[in-house]
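For reference, the structure discussed in these notes is given below.
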Amino acid sequence: MANSKQVLFQKRRLRVRNKLRKVNAGRVRLSVHRSNKNISVQLIDDVNGRTLAAASSQEKALATGKNNLETAAKIGAAIAERAKAAGVEEAYFDRGGFLYHGRIKALADAAREGGLKI
């Protein structure tokens, strides 16, 4: 029996997150969520259970009306800027169950150009 897209997504998400936990213990996590209409990202300190910074395409300052590569790059630059303000220089990139291409890749590249090590 074939697995549904949702089941495959959950398996991929758990596989990615568990591998990252083993390798990057103690570092801040840059977690990405992408939907058809929006993209959002958070810097999460898993040790203390706190969100240090966040950026989303739903914010008026970052909204372009479309969910495309340009918007993802703006969100990536914004999270890099907010990470510096929060005192975070290194994070590990948690893409969840999303494949690393398109908007996810554009966000990560923009965050790296902004000075965040991921």
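Here the closest heavy-atom approach between residue L20 and residue D94 is recorded as CD1-CA, 3.8 Å. Nearest heavy atom pair, residue N3 against residue K11, reads ND2-NZ, 3.8 Å. Looking at every heavy atom in both residues, A73 comes nearest to A110 through O-CB, 3.2 Å.
In this structure, L14 is not a member of the same hydrophobic cluster as Y92, with clusters built from ILVMFWY side-chain heavy atoms closer than 4.5 Å. Under a hydrophobic-cluster definition in which Ile, Leu, Val, Met, Phe, Trp and Tyr are linked whenever side-chain heavy atoms come within less than 4.5 Å, directly or via other members, Y100 and V16 are assigned to different clusters.
Of the possible donor and acceptor atoms, one in the side chain of R27 sits under 3.5 Å from a partner among the backbone N and O of A91. S31 contributes no side-chain N or O that, together with a main-chain N or O of Q42, makes up a donor-acceptor pair within less than 3.5 Å. Side-chain N or O atoms of N67 include one that pairs as donor or acceptor with a backbone N or O of S35 at under 3.5 Å. The backbone N or O of I39 lies less than 3.5 Å from a partner atom in the side chain of S57, making a donor-acceptor pair. With E59 contributing its side chain and S56 its backbone, the two residues share a donor-acceptor pair below 3.5 Å. With R82 contributing its side chain and A54 its backbone, the two residues share a donor-acceptor pair below 3.5 Å.
In Q10, the CD atom is crowded: over 12 heavy atoms of neighbouring residues, nucleotides or ligands sit closer than 6.0 Å.
Note that CZ of R29 and CZ of R21 are 6.5 Å apart. Values are rounded to the nearest 0.5 Å. Taken from CG in N68 to CD in E70, the straight-line distance is 5.5 Å, to the nearest 0.5 Å. Atom-to-atom distance recorded for E89:CD and K84:NZ is 9.0 Å, nearest 0.5 angstrom. Separating the CD1 atom in I79 from the CG atom in L43 is a distance of 4.5 Å, to the nearest 0.5 Å.
You'll find the side chain of R103 reaches within 4.5 Å of the side chain of L69, heavy atoms only. I75 places a side-chain heavy atom less than 4.5 Å from the side chain of L62. The shortest side-chain heavy-atom distance between F98 and R12 does not fall under the 4.5 Å cut-off. K19 places none of its side-chain heavy atoms less than 4.5 Å from the side chain of V23. Within the 4.5 Å cutoff, no side-chain heavy atoms of L107 are placed close to those of R34.
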### Query
After noting the C-alpha distance and the side-chain angles of L99 and I104, does the key distance pass the side-chain contact (heavy atoms from CB on, under 4.5 Å) rule?
CA-CA 7 Å; L99 299 177; I104 302 295; over 6 Å; no

### Message
Show, in sequence, the C-alpha distance, side-chain angles and deciding distance for V32 and F93, and conclude whether the side-chain contact (heavy atoms from CB on, under 4.5 Å) test is met.
### Response
CA-CA 8 Å; V32 177; F93 190 66; 3.5 Å; yes

### Message
Let's go through F9 and R13 carefully: what are the C-alpha distance in whole Å and the side-chain angles of both, what is the deciding distance for side-chain contact (heavy atoms from CB on, under 4.5 Å) to 0.1 Å, and is it a yes or a no?
### Response
CA-CA 6 Å; F9 180 87; R13 181 175 149 231; 4.2 Å; yes

